[in-house]
Each structure stands twice: as C-alpha cells, then as structure tokens.
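Following: one structure in structure tokens, then a few remarks.
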Amino acid sequence: MLIFDADDTLWENNVIFERVIEEFLDWMVLPGAEGTARLDRGGVREVLDAIEAANAVTHGYGSKVFLRSLGECVARLRGRAATAEETARIAGWAAAFEADHVELIPGVPETLAELARRHELLLLTKGEREEQARKVAASGLTGHFKGVHIVAEKDVTTYEELVRAYGLVPGSTWMIGNSPKSDVLPARAAGLNAVFIPNDNTWVLEHSELDPADEKVLRLAAFGELAQHF
C-alpha cells in the first residue's frame with residue numbers, strides 16, 4: 001500500500017500562501033508603517049509564524065485560518081485591533097485560494113497511473129475538509145486511489161487508525177510526502193516506511209529534522225522517481 005500526501009506532494013499549495021505573505025510583508029514594512037518601525041521583513045515573518053503555529057493547534061489548517069492569522073498579526077504589530085479597511089484588505093486575499101484548479105507537480109499524473117497498476121494507493125491530506133475536498137476534486141486524480149482521507153491533523157494516531165481501517169501491514173506500507181513533520185516522522189513512529197520528496201516551498205512549520213541513518217526513509221529528488229522503486 002502506498003499512501004500519498006496531497007498539498008506540495010501532488011500539487012503546489014504553499015507557494016500560494018508564500019505569494020500572499022510576500023505582499024503582506026510589503027504592506028507591513030512600508031516606510032512609516034504604524035507599529036512596525038523596528039521590524040524588518042524577517043521580524044514581521046517571525047511574528048506571523050508564531051501566530052500561525054498557535055492557530056494551527058487551536059483552529060487547524062487552511063486558508064481561512066491563515067487569513068485569521070494575518071489579521072491577528074496586524075493587530076499585534078499595530079498594538080490595536082485591525083481597522084475595517086485593514087480587515088477588508090486581508091479578506092481580499094481570499095480570492096488567491098478559491099481557484100477551481102490546482103497546479104499538479106511534474107510527473108504526478110503519469111507516475112500515479114503507473115503505480116496504480118501495481119499497488120493499492122490511498123490519499124491522506126490534512127486541513128479544512130471543504131477546502132481540501134475541492135482541491136482533491138480539481139486535481140482529477142481521485143480515480144487512482146482506493147480511498148481519500150481528509151483529517152484535521154497527521155499524527156501517530158492518524159496513521160495507526162489508517163492501518164487498522166485497511167488492515168495494513170506497516171512493514172510493507174509507505175507514506176509518501178514532502179513534510180518531515182506530518183508525513184515522515186509520525187508515519188515512522190507508527191511503524192510505516194516513508195518516502196521523503198522535498199518541495200522548496202514547504203511551509204516552514206512543516207520542517208523538522210530527519211534521522212539520516214533511518215533506512216526505512218527513502219529520499220527522492222522528484223515524484224517521477226517513485227516508479228523506479230515501486
């Protein structure tokens with residue numbers, strides 16, 4: 001059984017958030033910007049990252065939580081609640097996440113088609129259910145998967161529940177994704193093997209150190225390389 005992450009493994013996702021963040025940083029560090037005179041772009045980003053980390057624990061993931069974090073960041077930097085004008089500006093960024101298509105990562109469609117002829121495939125993605133379901137549908141990839149699972153968080157319990165639900169043999173099951181924090185480490189803790197395919201745009205909060213001596217983690221440079229191993 002091969003289990004696939006979705007965002008930034010099958011299609012680009014975080015790059016959209018990063019584009020909005022770049023515009024947000026431009027706004028926050030404008031010369032004379034209220035409450036931000038002592039912070040450069042890096043300083044503002046640190047504040048935003050801390051707010052996002054806290055909100056992920058409390059509210060989960062997705063564009064709505066992200067926009068909430070931007071509003072809280074404005075309030076923290078300004079030392080007051082966001083004004084109606086500021087709130088409207090943040091709300092305007094919601095359009096960046098509402099497209100009815102996704103940008104598939106090179107090699108994904110043909111590689112999944114090939115792998116599906118030899119193995120059973122599952123899709124496991126975390127985030128806000130409606131938003132993730134829209135992206136999954138827009139991808140056109142659902143026909144390759146025996147099951148699609150949208151969860152609030154990917155932790156050890158998530159993988160253990162998936163093992164029980166499908167009667168999987170952990171030693172012959174592989175989790176494939178770009179996130180050390182969500183795809184590799186908890187899957188390994190649940191006894192699964194893992195494939196790590198880095199994405200340059202992986203969210204900073206998904207970064208984590210992997211054990212270079214762990215022989216149960218296969219590291220690949222591109223998605224298409226999967227067909228050479230499975």
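Numbers for residues simply follow the sequence, beginning at 1. Quantities reported herein were computed from a predicted structural model and do not represent experimental measurements.
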**Asked** Looking only at heavy atoms, which two atoms of T111 and G224 are closest? And how far apart?
**Response** OG1-CA, 3.4 Å
**Message:** Determine whether H149 and I3 satisfy the following criterion, side chain to side chain contact (heavy atoms under 4.5 Å, CB included), listing intermediate values before the conclusion.
**Reply:** CA-CA 10 Å; H149 296 267; I3 308 172; over 6 Å; no
**Item:** Spacing of CH2 belonging to W203 relative to CD1 belonging to I21, to within rounding of 0.5 Å
**Value:** 9.0 Å
**Asked** Can you get from V184 to L205 by hopping between Ile, Leu, Val, Met, Phe, Trp and Tyr side chains that sit under 4.5 Å apart?
**Response** no
**Message:** Suppose we screen for side-chain hydrogen bond (donor to acceptor under 3.5 Å, both in side chains). Which residues come up paired with N14, at least two apart in sequence or across chains?
**Reply:** E18
**Request:** Keeping the roles fixed (side chain from H119, backbone from F230), state whether a donor-acceptor pair exists under 3.5 Å.
**Result:** yes
**Request:** To the nearest 0.5 Å, tell me how far E160 CD sits from L162 CG.
**Result:** 11.0 Å
**Item:** Shortest non-hydrogen separation from D183 to Y159 and the atoms involved
**Value:** CA-OH, 3.5 Å
**Item:** Distance-only side-chain donor-acceptor flag, N55 / T58, under 3.5 Å
**Value:** no
**Message:** Rounded at 0.5 Å granularity, tell me how far CD1 in I176 sits from CG in L218.
**Reply:** 9.0 Å
**Fill in**
Heavy-atom closest pair (A75 atom, A81 atom, distance to 0.1 Å) is CB-CA, 4.2 Å
**Message:** Can a donor-acceptor pair be found, under 3.5 Å and without considering hydrogens, that links the side chain of R188 to the backbone of L192?
**Reply:** yes
**Message:** Please determine whether side chain to side chain contact (heavy atoms under 4.5 Å, CB included) holds for the pair V44 and V29, giving the CA-CA distance in whole Å, both sets of side-chain angles, and the decisive distance to 0.1 Å.
**Reply:** CA-CA 8 Å; V44 174; V29 300; 3.9 Å; yes
**Message:** Are there over 12 heavy-atom neighbours, none belonging to H229, within less than 6.0 Å of that residue's NE2?
**Reply:** yes
**Request:** Taking all non-hydrogen atoms of both residues into account, name the closest pair between V20 and A96 and its distance.
**Result:** CG2-CB, 4.0 Å
**Prompt:** Under 4.0 Å between a Lys/Arg side-chain N and an Asp/Glu carboxylate O for R68 and E72?
**Reply:** yes
**Prompt:** Do D5 and K154 sit within salt-bridge range, that is, some charged N less than 4.0 Å from a carboxylate O?
**Reply:** yes
**Item:** Residue that, paired with Y61, satisfies side chain to side chain donor-acceptor pair (under 3.5 Å) out of E131, Q132, E153, E128
**Value:** E153
**Message:** Could you go through L122 and M1, starting from their C-alpha distance and side-chain angles, then the distance that decides it, and tell me whether this counts as side chain to side chain contact (heavy atoms under 4.5 Å, CB included)?
**Reply:** CA-CA 7 Å; L122 294 176; M1 179 71 77; 3.6 Å; yes
**Item:** Under 3.5 Å side-chain donor-acceptor pair for S69 and E52
**Value:** no
**Prompt:** Any Lys/Arg nitrogen of R80 or E86 sitting under 4.0 Å from an Asp/Glu carboxylate oxygen of the other?
**Reply:** yes
**Min side-chain heavy-atom separation N13-N199 under 4.5 Å** = no
**Prompt:** So, do L39 and L77 sit near enough that their side-chain heavy atoms are less than 4.5 Å apart?
**Reply:** yes
**Item:** Side-chain H-bond candidate by donor/acceptor type, T202 with D8, under 3.5 Å
**Value:** no
**Message:** Grouping I, L, V, M, F, W and Y whenever their side-chain heavy atoms are under 4.5 Å apart, do L70 and V15 come out in a common cluster?
**Reply:** yes
**Distance-minimising heavy-atom pair for V195 and W174** = CG2-CE3, 3.7 Å
**Item:** Side-chain heavy atoms of P180 within contact of F196, under 4.5 Å
**Value:** yes
**Item:** Expected output: side-chain N193 to main-chain G171 donor-acceptor under 3.5 Å
**Value:** yes
**Request:** Classify the ring geometry between F17 and F97 as parallel (under 30°), tilted (30 to 60°) or perpendicular (over 60°).
**Result:** tilted
**Request:** May I ask whether V65 and I90 are part of the same hydrophobic cluster, defined by side-chain heavy atoms of I, L, V, M, F, W, Y residues being less than 4.5 angstrom apart, directly or through others?
**Result:** no
**Minimum-distance pair of heavy atoms, taken over all atoms of P170 and V163** = CG-CG1, 4.2 Å
**Message:** To the closest 0.5 Å, what do you measure between CE (M175) and CG (L124)?
**Reply:** 5.0 Å
**Prompt:** Is the NZ atom of K216 crowded by more than 12 outside heavy atoms at less than 6.0 Å?
**Reply:** no
**Asked** Would you say the side-chain atoms of S182 pair up with the backbone N or O of S179, donor to acceptor, closer than 3.5 Å?
**Response** no
**Asked** Does a side-chain heavy-atom distance below 4.5 Å link V47 with M28?
**Response** no
**Message:** In the structure I gave you, are the side-chain heavy atoms of D7 and E12 within less than 4.5 Å of one another anywhere?
**Reply:** no
**Message:** What I'd like to find out is whether the side chain of K146 reaches to under 4.5 Å of the side chain of Y166, using heavy atoms alone.
**Reply:** yes
**Prompt:** Given the rule in the side chain to side chain contact (heavy atoms under 4.5 Å, CB included) test, do L10 and L141 qualify, once you have shown the distances and angles that lead to the verdict?
**Reply:** CA-CA 9 Å; L10 302 182; L141 301 173; 4.2 Å; yes
**Request:** Could I get the full list of side-chain hydrogen bond (donor to acceptor under 3.5 Å, both in side chains) partners for R41, not counting sequence neighbours?
**Result:** E22, D26
**Message:** Are H59 and F66, when compared by the centres of their aromatic rings, separated by less than 6.0 Å?
**Reply:** no
**Item:** E114/R118 ion pair, N-O < 4.0 Å
**Value:** yes
**Asked** Hey, what do you get for CZ (F4) to OG1 (T9), rounding to the nearest 0.5 Å?
**Response** 9.5 Å
**Prompt:** Among the clusters formed by ILVMFWY side chains lying less than 4.5 Å apart, do V151 and L168 turn up in the same one?
**Reply:** yes
**Prompt:** Are V108 and L220 co-members of a hydrophobic cluster defined by side-chain heavy atoms under 4.5 Å apart?
**Reply:** yes
**Message:** Quick check: do P198 and N178 have side-chain heavy atoms less than 4.5 Å from each other?
**Reply:** no
**Prompt:** Taking the side chain as C-beta and beyond, is there a heavy-atom pair between L104 and P109 under 4.5 Å?
**Reply:** yes
**Asked** Just how far is it from atom OG of S139 to atom CD1 of I105, taken to the nearest 0.5 Å?
**Response** 12.0 Å
